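First comes the structure, then the notes that go with it.
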Amino acid sequence: MIKLTLSVLLVLISLDCLTQIDYSKLIIGRNTGTKTLHDGNVTKIFGFTETLNEVTDTPGPTIRVTEGDTIQIEFWNVSQGAPHTIHLHGLDVNQENDGVPHLSFVVNHMDHGYYKFKAPHPGTYIYHCHVVSTIHVQAGMYGVIIVEPSNGQNNTTWVGGESFDRDILLTASEIDTNWHTDAVLDHEHDPVNPIPVFVPENYTPQYFLVNGLSETQLADPLNHSTVGVNEDVFMRLVNIGYYGVRYIFPNSVNARTISSDGRPLPQAYINDTIEVLPGERYGTLIQTGTADFYDVEIEYFNMNTQLIESSQAVTLRTSLASINNLELNLTVYPNPSEDGVFYTEKAFTENYTIYAIDGGLVLKSSEQRIDLSKHKPGIYTMHYQGSVIKLCAQ
Ligand SMILES: [Cu+2]
């Protein structure tokens, strides 16, 4: 009996070794990155890259795989010290490949390891380092894994699900630069007993990011997401920060949330506002019309106080909006404005347009005095010849 069990086991092991890898991906962990923030400040970061000579940025590369495929992530640690792992957040992988240090394995500096798993349900997932994860995630070691359906139709939500024309990934996170100092990041981390690592008492982020960008970086036309006219767009809404976020869509795009954490919702959630807590992912279908731009607002709220501490805007630009005349010299002051009146030295040769965050047209003018005083306080976007800036009326 024992003999039989042993031979079955051996067969199983050898079968496992022979399992065909459908998709293999190299990911490199580094702790020597720097990131330029919207105000020009530069902060130290950790991150994941696909090649050795790539600039380390955060989020890391988006990995796209197909449902049912056997995936192998080869992970190199080229990080001058700390061990790292890849934790596959939300994916049903076995413990050995889960990247939780004490249950799995860590990859030390100049070493490498393999994570192997079968891509589960189509959906949006997160990968991140799980060594002293409070610090290493904040440091920037995170990215997104998208599992596409197995029917070969990449533009469907799942087999038998809904089809769309394109998908757009929005990943929210924050940076508290007080956590990005040598004192916090430069540790020979002990993977078995991570307690000695210094974790700052307070988390008070100064930068609230979407896809690693904030404020003027998001307003830069080069960082807009492109959408078509009259398209169905599948928005993959992710939160890998420590704040809660709300993605707020213009009413005109009929936001309909159909999936959560890699699973279809029993019933679609019809609401312009989708709250995404740390680690969560939602799938929301929207429909574009014939406007030039659609702005998505992202609110960041403190999980303890529930207070909104930042608001960012992402612009979806349709093909109708020309980007031939990138006018990057457009400056408006004061911004924020206390009375809702702004000025610019720019001499306009045609009208600019100003939209409220809900997508409504507020003003069309060529005047250098921009008067939003009769409108309610909030964020507006000003569009002129392909250039977009964010106006904040208080
Ligand atoms: Cu790490």
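Whatever order the structure lists ligands and atoms in, that order sets their numbers, starting from 1. What you see is a predicted model; the values in this text were computed from it and never measured.
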| note | Checked the Cu ion (ligand 1): protein N, O or S atoms closer than 2.8 Å come out as H84 ND1, C129 SG, H136 ND1
| remark: Which of Y115, Y114, F75 passes ring pair (Phe, Tyr, Trp, His ring centres under 6.0 Å) with F105? Answer is Y115
Sequence neighbours left out, what passes side chain to side chain contact (heavy atoms under 4.5 Å, CB included) with [X]? Give chain and number order.
X: K364; answer: N351, T353
X: T171; answer: P59, V144, L169, N211, V238, I240
X: E201; answer: none

| request: Measure the acute angle between the ring planes of W179 and Y203, then classify it against the limits of 30° and 60° as parallel, tilted or perpendicular. | output: perpendicular
| Hey, is the main chain of E280 close enough, under 3.5 Å, to the side chain of D261 for a donor-acceptor pair? | no
